[in-house]
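Quick notes on the structure that follows.
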There are 2 protein chains.
Amino acid sequence: MHITGDQHLVKKINKSIVLETIKKKSPLSRSQISELTGLHKGTVSSLINELIEEDLVFEIGHGLSSGGRRPVMLLFNQEAGYAIGVNLGVNFILVILTNLQGEVIDEKTTYFEQTSLDVVIPMLIEAIQAMIARAPKTTYGIIGIGIGVPGVLDDKGTILLAPNLGWENVDLHRILTDAFQIPVTIENEANAGAIGEKEFGFGKEDANLIFVSVGIGIGTGILLNGEIYRGASGFSGEMGHFVIETNGKKCKCGSKGCWELYASENALIEQARQFLVDESGDQTLDINTLVAMADSGSARVIHLFNQIGEYIGIGISNIINMFNPELIVIGNRLAVAEKWIKNPIMRIVEQSTFPFIRRQLRISFASPATDSIALGAAYTATKSFFSNTKVWVD
Amino acid sequence: MHITGDQHLVKKINKSIVLETIKKKSPLSRSQISELTGLHKGTVSSLINELIEEDLVFEIGHGLSSGGRRPVMLLFNQEAGYAIGVNLGVNFILVILTNLQGEVIDEKTTYFEQTSLDVVIPMLIEAIQAMIARAPKTTYGIIGIGIGVPGVLDDKGTILLAPNLGWENVDLHRILTDAFQIPVTIENEANAGAIGEKEFGFGKEDANLIFVSVGIGIGTGILLNGEIYRGASGFSGEMGHFVIETNGKKCKCGSKGCWELYASENALIEQARQFLVDESGDQTLDINTLVAMADSGSARVIHLFNQIGEYIGIGISNIINMFNPELIVIGNRLAVAEKWIKNPIMRIVEQSTFPFIRRQLRISFASPATDSIALGAAYTATKSFFSNTKVWVD
DNA sequence: AAACTTTGTTGATCGATTGTATAAATGGGA
DNA sequence: TCCCATTTATACAATCGATCAACAAAGTTT
């Protein structure tokens, strides 16, 4: 069975084009939409009236005349419904509430120490529950819940493996659907980050964007031709296990010389521990501590960041040469060390990539203020809402 | 301006679905097509009649009854037109003539030694001209010319750089369009190979397929979600310049330790030359000679193939971990050494890739009998014919 | 031979875009 | 102030393509 064409499909396509246009360029008049999209005036009129009926668009009043009748300006009704977005981390749960435009209305972070299912799942449900309770009443209510998870998923939303949480075969989709009776979408953390950056971050104009999540390990969210690339078994993006040293250290994945052995938060802390025992006692080492030490001038720590940065740069160079993307965003924990790792990364990238590829390329660090993973997760929920129930074709 | 929907689009979609169904599963009756596609009987009838009118489909006679009126069986008219496919190599021009189904009707190889434009372009034009002259007369005649080129192209069919031919900024599209007044499509060699394997080779069922062209250098054709991936500047697939040894040999690309320094035909021959001067005089070394020597038991050559195979395996492992493809096809010159490099490649891949990724993965060598590059090139011409003038939406 | 099945066509209907005419609102100029 | 061109938006008929239903054609089964 194929997706065959009929008038309903045509209408869905055009309605989605009209709504997208309003979302991106409002305020707009009907006639401007007609010109921008190439659709006939009458078509636009009737579609707009349906969208107003559905409370997704509203009239804001008259605009300025350009020599004739004054246009009626239209706005997207961002507040017709809200979406929940969750970044499920290794020691925290970040829940955000966004409107249909992806603007953050509310947010709350909860921390945990034990990662066992019995502890985390109830906390997760409670956190979402609390956020739903705080959401204002709207036409469509909570239209969906999107979650970003640090692990490998199948296409039905089961977590096959989340090594840093110690989870295996957790049917999170079922658990949350049962708990809330609301559509749930689950996405890998790095993929969600890529989506977030594409929709709300630095990558709005880019069709090819790669989100490099440098945390305990390294994961990558690959967005090609505007869509997440998943591979044959939903398991692409395991770039942490690139071989960058043919005869390097042994990795638990079975290979040798894997990238994340040299360039992750784990690598950083492990190496720091070797010389910091004497330098500063047995304090708990984490990345924020190390950044603080570098800021206050510790040469050894600065040198360590430099080294880690170079290794990150090697992997990123491989990514660049392979994917020739428009944008690379470095996110997750190590992004806070931007100040200390940016230069070595850039230096290596300039050495190891083609000039004509670099010309189309930008590299940036995810802003610590906005959580692109939670934003991306919320966006998947919104998108699913539109494609399943209302407009949108994809 | 977007691609908006109207009835013409609907018809194009459905007509293309009907034709594709016939191409893939003929002989078929109208009613079977209706069931397979989900389209209404009447719709199928009218579309089929148009296709018959256009000479793209014909009735072959009655099929067997299944308890009622006997069906009229339909066939795709593969011979309604022919396409030219060209593999422009570093020392040869292979021209093939295919029907609309991609079956090779005729083929001819011409060899050349000087790669200067003045020599090669006239030869190319003459070779194509000769093939066109030999083609039988059909309804649509020669519907297009497709060319696979070992170099970097822009989106208008200009060769920006073909290092092994010594060409730069050659507007091949214009040259050939002027010469033949027929639609011309130009594609990178490795991309054409990927398309050929997808349509006619081992990859028919696969959406994610990577063609690794191991010749003088290493190029890759990346087919994701059923489409060639080109990257931001049409320049992805430069995987020959992966870094696999962080402190390895210097490469002319400016980096160090690039894959193709260790795993290409160049690497093979260079290393062979070092010890073969004394072993067999100053014969001209090429890959066929080396394969022959291995076949007759030269331990050193066998060991060399083993080593090159292992390095190929390392790069392929990286590709696998990154793309998680269904299929990898190893093509171009080194494919003839399958017997000697297959095992080391496989051994390394098994060591360096995840088991769950391998489960969905096949690795094969391009068959030397069929040239997937020329086939893929011819297919791009056929596809362009259908999408521009007749049915097909993409 | 009658009844049922399968295949394929034909004409009516539906639904969506488009084209044309028209109405409404406005600015510019005589 | 009045008239007209212009811009905006709607209304209604025309058109095109898919679907639906009825029917004809050609079998098979009982």
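Sequence lines set the chain letters: A, B, ... in the order given, protein chains first and strands last, and positions in each chain run from 1.
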- Item | Distance-only polar pair, side chains of A:Thr139 and A:Asp55, donor-acceptor under 3.5 Å | yes
- Would you mind reading off the distance between B:Ile13 atom CD1 and C:dA16 atom C1', rounded to a whole angstrom? 14 Å
- For atom CG of A:Leu39 and atom P of C:dG19, their distance in whole Å: 12 Å
- DNA chain C nearest-nucleotide lookup for A:Glu50 and B:Arg70: closer to the 5′ end is B:Arg70
- At under 4.0 Å, does any side-chain N or O of A:Asn14 touch on OP1 or OP2 of C:dT17? yes
- Message: Categorize A:Ser65 for me: base, sugar-phosphate, or nothing, with a 4.0 angstrom heavy-atom threshold over every strand shown.
- Response: sugar-phosphate
- Message: From CZ of A:Arg30 over to P of D:dT7, roughly how many Å is that when rounded to an integer?
- Response: 19 Å
- Closest to the A:Ser45 side chain: D:dT10, D:dA9, C:dG8? D:dT10
- Message: Students often get this wrong, so: under 4.0 angstrom with heavy atoms, is B:Ser66 touching a base, only sugar-phosphate, or nothing?
- Response: sugar-phosphate
- If you look at every heavy atom in A:Gly203 and A:Leu209, which pair is closest and at what distance? CA-CD1, 3.8 Å
- Select one nucleotide: of D:dA9, C:dT9, C:dT7, the one nearest the side-chain heavy atoms of A:Pro71. D:dA9
- Per the atom types in the model, does the base of D:dG17 pair as donor or acceptor with the side chain of B:Lys11 at under 3.5 Å? no
- Message: If only side-chain N and O atoms count, and only distance matters, is there a donor-acceptor pair under 3.5 Å linking A:Ser372 with A:Glu197?
- Response: yes
- What is the distance, rounded to the nearest whole Å, between atom CD1 of B:Ile48 and atom P of C:dT9? 9 Å
- Query: Which comes earlier along DNA chain D counting from the 5' end, the contact point of A:Asp6 or that of A:His40, where each point is its nearest nucleotide?
  - Reply: A:His40
- Send over the distance from B:Leu64 CG to D:dA26 P, rounded to a whole Å. 18 Å
- Message: Nearest whole Å is fine: how far is D:dA9 C1' from A:Gln32 CD?
- Response: 13 Å
- Query: Base, sugar-phosphate alone, or nothing: which one does A:Val72 contact when heavy atoms must sit under 4.0 Å apart?
  - Reply: sugar-phosphate
- Query: Which whole-number value in Å describes the distance from A:Met73 CE to D:dA9 P?
  - Reply: 9 Å
- Whichever of A:Gln7 and A:Thr43 has the more 5' nearest nucleotide on DNA chain C, that residue is A:Gln7
- Query: Is the base of D:dT7 touched by the side chain of A:Arg69 through a donor-acceptor pair closer than 3.5 angstrom?
  - Reply: no
- Looking at A:Glu199 and A:Lys204, does any basic side-chain N land under 4.0 Å from a carboxylate oxygen? no
- Which is true for A:Thr4 with a 4.0 Å heavy-atom rule: it touches a base, it touches only sugar-phosphate, or it touches nothing? nothing
- Message: Check A:Glu35 with A:Arg30, please: is the shortest side-chain N to carboxylate O separation under 4.0 Å?
- Response: no
- Whole-Å gap separating P (C:dG8) and CD1 (B:Ile33): 9 Å
